[in-house]
Every structure is written in structure tokens, then in C-alpha cells.
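A single structure is presented below for examination.
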Amino acid sequence: MAERDRVYLNGELVPYDEAKISVEDRGFNFADGIYEVVRIAGGRPFRIDAHLDRFQGGARALEIELPLTRDAVREAIIEVASANRVDEGTVYVQLTRGAAPRYHAFPRGVTPTLVMLARPSAGPDPEALERGVALVTAPDLRWGYCEIKTIGLLPNVIAYQHARSENCHEALLVRDGVVTEGAHSSAFCVQDGVVYTHPIDNILPSITRRYLIESLRADGVEVREEGVRLEDFRGADEIFLTGTTTEIMGVVSIDGTPVGSGEVGPVTRRGLELYRRDLEATRAGGAE
Ligand code: PDD
């Protein structure tokens with residue numbers, strides 16, 4: 001981060017180097033918190049209501065009281081992007097239970113820690129979007145509350161590190177023989193014109209996943225939220241990933257073996273076209 005960067009910390013925009021939290025913050029000690037990554041296009045947050053819904057839902061599930069109203073969170077996201085002149089990029093939002101002497105049970109009367117960081121980004125590598133990417137498979141070793149977007153991401157980090165060490169774009173997580181999602185993205189396959197993705201059953205209720213399911217259905221494509229076994233996934237006509245930082249990314253190989261035609265397929269391309277169209281509408285000042 002450059003010196004001029006400002007971080008949102010508990011209601012204030014402070015210089016990056018001055019943004020400090022306690023060594024007893026429960027996010028640090030217990031990964032006791034949640035986060036969001038919001039895409040910014042033309043200075044505006046994309047799909048912000050869906051992000052706010054998930055953020056509020058996660059805080060409720062963990063019994064962390066949001067220190068701001070929903071509207072104030074929305075305003076703060078826009079403000080931190082603007083203060084850092086991030087027209088195109090992301091805002092990372094993290095809420096933890098706050099600082100308290102280390103003790104497992106929820107402490108009472110503690111003020112939560114809310115942090116927001118804006119980062120410029122032009123989105124995924126255009127060449128990767130055009131040519132498609134390679135995946136490795138990894139066991140889904142996460143816990144039973146994957147519906148909550150917690151900062152407890154070590155299993156995802158280990159799986160993704162494995163993917164990077166194999167020069168791959170993402171790790172495809174597999175639980176009981178069924179593909180669940182990526183380490184930081186959702187996974188889809190297409191067979192005979194029908195799109196399949198794992199139901200929201202111990203996976204992340206991704207904003208981009210939901211957006212794409214609705215957009216493809218509105219476009220006349222059949223989408224089924226059903227688990228697909230890895231062997232069927234590998235044999236699908238098309239495979240793609242989705243996510244805030246992934247957009248709609250075609251997959252051309254898994255574990256070194258080509259999948260589908262070896263090129264980004266037509267349903268994937270259509271998905272990306274729809275996504276770009278709606279991102280552009282946000283950029284132009286339309287629906288957020
Ligand atoms: N990750 N699945 C997992 C496990 C994720 O961590 C993410 C997002 C997604 C896609 O969700 P969404 O469409 O809401 O971004 C799916 C974020 C970007 C991250 O951890 O950086």
C-alpha cells in the first residue's frame with residue numbers, strides 16, 4: 001500500500017501505517033470474524049445488496065453485533081474506495097468480534113473491529129479469461145459451517161498454495177467424491193447444454209454464483225444446483241469458475257488432463273458476456 005492510502009478502521013479513515021488493532025483481537029487469535037470482497041466498477045460497488053445481506057447474515061450467525069447500520073456499511077465501502085481513488089478494484093471488508101483476553105467463549109460487552117481496505121485491480125488476467133486456466137484437485141478439508149464467510153481460511157490457503165505450486169490457477173475442492181467449489185471461487189460444469197453447480201449445502205453462498213445462475217436462467221439456459229462427482233465433472237463439455245475476483249473463467253485442464261474441447265466453451269463465454277454487461281451497467285451508474 002502506498003503512503004497516501006487510507007484504511008477504514010472502526011468509523012475512521014486512517015493512514016495505512018497508523019491502522020492498528022490489538023494483539024488480542026479475536027480475529028487474530030481465533031479467526032473469529034467474517035469478511036466480504038466487493039467488486040468496485042466505476043467507483044461503484046457491484047451487487048452490493050447481496051454482499052450486505054451475506055455480511056449481515058454472517059454477523060447474525062456468529063452473534064457479532066454490527067457496529068454500523070447496513071446503509072452506513074454501504075457508505076463506508078464507497079467512501080474507502082473513493083478516498084483511495086479506487087475506481088476499478090475491490091474493497092475488502094472484515095468484521096471480527098473484537099479484542100478480549102484469550103478465552104474461547106464469546107466475551108460480553110466487547111466492541112467489534114471493522115476494517116475496510118480498497119485495492120485497485122483491473123480484474124482477472126484477460127489472457128486467462130480468453131484461453132482458460134488449469135486446475136488441480138484437492139480434498140475439501142474445511143469445516144461444517146462453509147455457508148458463513150469466515151476469515152478462517154487456512155484449508156483454502158493450503159489448497160490454493162498447492163494449486164500455485166503446480167502452476168495452476170485454482171484448486172478444485174472435492175468432498176466425498178463430489179466437487180464442492182474452488183479454494184476461492186465457485187465451480188460449474190456444463191453437460192449437454194445443462195449447467196450444474198453444487199447446491200448451497202456447506203459451501204459458500206457466493207454472490208457471483210447466484211448472480212450467474214439467475215442470469216443464465218433468464219437467458220434461457222437450464223441450471224441445476226446438484227452435486228457432480230469428480231469423474232463426471234472431468235468428463236463435462238465445459239467447466240468454469242466464478243467469483244468476485246475470478247469473473248467467469250473457463251477451465252481447460254484438471255490435474256494436467258485436458259477437459260472439454262480444450263478451449264473456453266460457449267456457455268462460459270455467454271456467462272462472461274452477461275457478467276461484463278451488468279458490470280458495465282454498474283460502472284455507468286445503473287443498478288449497483
Ligand atoms: N472468495 N467460494 C469460496 C470458497 C470463496 O472464497 C469465494 C470468494 C467464492 C466466490 O464468492 P463471491 O462470488 O461472493 O466472490 C466462492 C473471495 C473473493 C476471497 O476470498 O478473496
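First listed ligand is number 1; within each ligand, the first listed atom is number 1.
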- Item | Cluster link V91 to V73, ILVMFWY, side chain under 4.5 Å |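 In one cluster with V91: V73, yes.
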- Query: How about E225 and T197: does a side-chain donor come under 3.5 Å of a side-chain acceptor?
  - Reply: no
- Message: Suppose we measure from atom 15 (O) of ligand 1 to each protein heavy atom; which comes out shortest, and what is that distance?
- Response: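 Going by distance alone, atom 15 (O) of ligand 1 is nearest to T244 OG1, 2.5 Å.
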- Among E247, R210, K149, whose heavy atom sits nearest atom 17 (C) of ligand 1? K149
- Task: Among all protein heavy atoms, pick the one closest to atom 18 (C) of ligand 1 and tell me residue, atom and distance.
- Result: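 Nearest protein contact, heavy atoms only, for atom 18 (C) of ligand 1 is T245 OG1, 3.8 Å.
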- Task: State, to 0.1 Å, how close A171 and A138 come at their nearest heavy-atom pair, and which atoms those are.
- Result: CB-CB, 4.3 Å
- Distance to 0.1 Å, residue and atom name: give those for the protein heavy atom nearest to atom 6 (O) of ligand 1.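 Going atom by atom, the protein heavy atom closest to atom 6 (O) of ligand 1 ends up being H184 CA, 3.5 Å.
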- Message: Using a 4.0 Å cutoff against the non-hydrogen atoms of L204, which atoms of ligand 1 qualify?
- Response: 2 (N), 3 (C), 5 (C), 7 (C), 9 (C), 11 (O), 16 (C)
- Query: Judged by modelled atom types alone, do H198 and E181 share a side-chain donor-acceptor pair under 3.5 Å?
  - Reply: no
- Query: How far apart are the closest heavy atoms of I200 and P205, and which atoms are they?
  - Reply: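 So the minimum-distance heavy-atom pair works out to CD1-CA, 3.5 Å.
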- Task: Give the numbers and elements of all ligand 1 atoms closer than 4.0 Å to a heavy atom of E181.
- Result: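 Within the 4.0 Å cut-off of E181, ligand 1 contributes 2 (N), 3 (C), 4 (C), 16 (C).
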- Without hydrogens or angle criteria, can the side chains of D278 and Y211 be said to hold a donor-acceptor pair below 3.5 Å? yes
- Task: Give yes or no for whether the N/O distance cutoff of 3.5 Å, strictly under, is met between R142 and ligand 1.
- Result: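 R142 vs ligand 1: no N/O contact under 3.5 Å.
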- Go through the side-chain N and O atoms of T137 and D255 and say whether any donor and acceptor fall under 3.5 Å apart.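 Yes - a donor-acceptor pair under 3.5 Å links their side chains.
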- Ligand-residue contact atoms, ligand 1 with G182, heavy atoms, under 4.0 Å: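 Once the distances to G182 are compared, the set is 4 (C).
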- For N156, atoms of ligand 1 separated by under 4.0 Å from a heavy atom: 4 (C)
- Proximal atoms of ligand 1 relative to S186 (non-hydrogen, under 4.0 Å): 16 (C)
- Task: Could you tell me whether D53 and R70 have a side-chain N and a carboxylate O separated by less than 4.0 Å?
- Result: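 The answer is yes: the pair qualifies as a salt bridge.
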- Just by distance, with hydrogens left out, do Y92 and Q94 show a side-chain donor and acceptor under 3.5 Å apart?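 There is such a pair between these side chains.
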- Task: Considering the heavy atoms of R54, write down every atom of ligand 1 situated less than 4.0 Å from one of them.
- Result: 14 (O)
- Message: Just to confirm my output: which protein heavy-atom neighbour is closest to atom 16 (C) of ligand 1, and how far is it?
- Response: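 I find the closest protein heavy atom is S185 C, 3.3 Å.
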- Task: Hey, could you give me the CZ/OH distance between R54 and Y35, rounded to the nearest 0.5 Å?
- Result: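 Atom-to-atom, R54:CZ and Y35:OH are 7.5 Å apart.
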- Identity and distance of the protein heavy atom lying nearest atom 21 (O) of ligand 1: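 Heavy-atom neighbour on the protein nearest atom 21 (O) of ligand 1: V37 CG2, 3.7 Å.
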- Task: List the atom of G182, the atom of L173, and the distance in Å for their closest heavy-atom pair.
- Result: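 Minimum heavy-atom contact is O-CD1, 3.7 Å.
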- Could you tell me if any non-hydrogen atom of C146 lies under 4.0 Å from any atom of ligand 1?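 It does not, in that no heavy atom of C146 comes within the 4.0 Å cut-off of ligand 1.
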- Query: Relative to the heavy atoms of T208, which atoms of ligand 1 are at a distance of less than 4.0 Å?
  - Reply: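 Checking each atom against T208, I get 12 (P), 13 (O).
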- Looking only at protein heavy atoms, identify the closest one to atom 20 (O) of ligand 1 and say how far it is in Å. Y35 OH, 2.6 Å
- Task: Answer yes or no: does an N/O atom from I207 fall short of 3.5 Å to an N/O atom of ligand 1?
- Result: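 Right, the criterion is met.
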